[in-house]
Amino acid sequence: MSSEPHRHEVVIIGAGVSGIYQIKRLVDLDIDAVVLEGDDDLGGTWYRNRYPGARFDSESYTYGYSWSQEVLDEWDWKERFSGQPENLHYLNFVADKFDLRRHMRFNARVTSMTWDDDEREWTVELEDGDVYVSRFVIPSLGPLSMPTLPRYPGMDEFAGPSFHTYHWPKEPLDLTDKRVGVIGTGATGIQVIGELADKVGELKVFQRRPNWSSPLNNSEISAEEMAEIRGRYDEIFANCAESPGGFEHVPDWRGFWNLTEEERHAHYDFLYTQPGFAILVANFAEIFFDQAANDEISEYIANRIRERVNDPVIAEKLIPLDHGFGMQRLPLETNYFEAYNRDNVNLVDLSEAPIERITATGIKTAAAHHELDVIVYATGFDAITGGYDRIDIHGVDGRRLGEVWKDSPRTYIGVLAHGFPNLFMIAGPQSVSGSTNFPRAIETGVDWVTDLLVQARADGRTRIEATAEAEQEWVDEVVRAHERMMFRRSKGWFTGYNSNVAGHQEGKIRYQAYFGGAPRYNQRVTELAANGYPGITVA
Ligand code: NA7
């Protein structure tokens, strides 16, 4: 720890996908900035999630950065949905290419931030006692950076390795012949289960609720195809900017009810073989708004599960009954359903017999004790606001952000929060990031924040804050967008619910993301900038 605070004009918190781009923009503008990263290296999500099977659900070339022609020219994606090691390699390639590491400090975990309204600056404190003082802070915390564990008795007593998927060990872990238990069947659990099934001695899947899932349909990208992709980058990013989800897939607007059932089924058959989220976002838009339309696609996917899982009793247990297809974040799978056809894979249905405790040798449910060598918690995240909650943030008059956001976050366009001047959130709550292809929206956020900063500096202004009225209007718009969606009745992180987080109440929505679609959001923020930033006080 040094006795004098470090001074920079801008502190960026987090060296993941957002932080890397944000520091690049500021370095290019010669603005004095530092990135504080809690981990011992860069990469964020792709540094942490090292579990087997971790990969993009977005097409690699729609996930990668669009802002550097050199990177687009030089980087070859090898798979349509690239895996974690390659993704981390990519982020390192970008950071090293532009020599960004020298602006990053690692093992620099921010614990608190306090705004001084007289000096117009933030004091940022680290876990190790170091202090940074800056005019502006840009949290680039990542929407899924706060893993959550269940609260079962005995979790500390388990004798073998046990960890959250986010903390999968860096050192190689030999699971051959091991008895492995996976708790959780969300997007992460479904990836890890499909990958591990044929690589471990025995796999027990502890499922509280089944999730809908459809094939990822991954494939290699040949040199010829990469050349074709490279020639199409402008078009790819333009397509992403125009689609509600930020993907190349666009909804089918032919109209669900304008087609016969046979025509609709032919479309589902086609989409089921298509890569990525096509089955969801290139489907009929009505599946998100019209119960009958959603029932039909749900039954279609249920029948696909019945076709793929040999044991009819297990198949029914894997079909969700409490929510329709696409009403929670859709996991994409590779060999997931086939895993249950293997002799070494067993489904433990927690809805019939819940977990009572973890023991030294395994997991005890109400029905049986399951002997295990390794326990993997694929139990999700305190999504979107979790990263903010673990920093004690005090704004004007000492107001605590965690307190203001206790029931649900409040922001202006997901970037600013009234009472917290000069704090610019990238992929913040109520932005479009949480509901679309993350990096596309991240780039929008970074560019928008950078432009605002540049303009304020040019005008000699030092204090930027959203008005209370503008914030309220945005919150109302976020709520209205939620109300249009049927998924508002589902559990899960889209509606801000996590059973392992104290204070979250089942059935009470936390409005964490804007679901009005990327084009509408982009238009809105572009207009704000063009019109001189109404709703924002720049002084
Ligand atoms: P998710 O989608 O939140 O899934 C978490 C899973 O863990 C889900 O199946 C939960 O069951 C289960 N869970 C959570 N707590 C428990 C307890 N206490 N006991 C048993 N099972 C539990 O997180 P993921 O990591 O899979 O995905 C997060 C995002 O990462 C994903 O959307 C992608 O964007 C990447 P539940 O359904 O709540 O009953």
Side-chain angles (χ1 to χ4, degrees), residues 16-17 44-46 48-49 51 53-58 63 81 84 87 142-155 163-168 181-194 204-213 216 245-246 276-277 280 317-318 320-323 326-333 336 347-358 363-366 370 375-384 386-387 427 433-439 441 487 490-502 504 506-507 512-513:
V17 176
T45 285
W46 299 108
R48 271 289 153 206
N49 287 285
Y51 62 85
R55 61 178 61 253
F56 292 150
D57 282 339
S58 307
Y63 191 103
F81 302 96
Q84 177 271 335
N87 306 344
L144 297 162
S145 57
M146 190 63 195
T148 50
L149 287 167
R151 285 169 284 181
Y152 293 126
M155 283 172 62
F163 39 79
H164 193 283
T165 41
Y166 190 75
H167 294 296
W168 192 282
V182 176
I183 303 177
T185 50
T188 302
I190 283 176
Q191 283 187 332
V192 82
I193 291 160
K204 289 209 167 155
V205 178
F206 295 82
Q207 173 187 274
R208 189 164 69 176
R209 277 191 313 142
N211 245 306
W212 294 104
S213 184
L216 177 66
F277 286 117
L280 188 70
K317 284 180 188 295
L318 294 170
L321 297 176
D322 69 335
H323 66 281
M327 295 296 102
Q328 293 183 177
R329 200 287 197 182
L330 178 70
L332 297 178
E333 49 85 23
Y336 177 66
L347 183 68
V348 181
D349 185 351
L350 300 179
S351 71
E352 287 175 356
I355 294 178
E356 288 182 344
R357 64 174 297 115
I358 311 295
I363 296 178
K364 181 170 181 339
T365 70
H370 300 270
I375 298 178
V376 177
Y377 293 97
T379 45
F381 296 85
D382 185 357
I384 302 189
S433 285
S435 57
T436 62
N437 190 3
F438 287 128
F487 72 68
S490 306
K491 289 186 208 165
W493 71 268
F494 271 9
T495 48
Y497 175 66
N498 179 322
S499 66
N500 304 311
V501 177
H504 282 197
E506 197 173 329
Q512 311 229 75

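Both ligands and their constituent atoms are indexed starting at 1 by order of listing. Position 1 is the first residue of the sequence, and the numbers go up from there.
For a heavy-atom separation below 4.0 Å, the residues in contact with ligand 1 are L144, P150, Y152, I183, G184, T185, G186, A187, T188, R208, R209, R329, L350, A378, T379, G380, F381, W493, N500.
Distance check, rounded to the nearest 0.5 Å: CG of L144 to OH of Y166 gives 9.0 Å.
The shortest distance between side-chain heavy atoms of F206 and V182 does not fall below 4.5 Å.
Side-chain atoms of H323 never come within 3.5 Å of backbone atoms of F487 as a donor-acceptor pair (strictly under, hydrogens ignored).
Residues forming a side chain to side chain donor-acceptor pair (under 3.5 Å) with K317 (at least two apart in sequence, or on another chain): D349, E352. Remark: N87 pairs with S82 by the side chain to side chain donor-acceptor pair (under 3.5 Å) rule, at least two apart or across chains. In this structure D382 satisfies the salt bridge (Lys or Arg N to Asp or Glu O under 4.0 Å) test with no other residue, sequence neighbours excluded.
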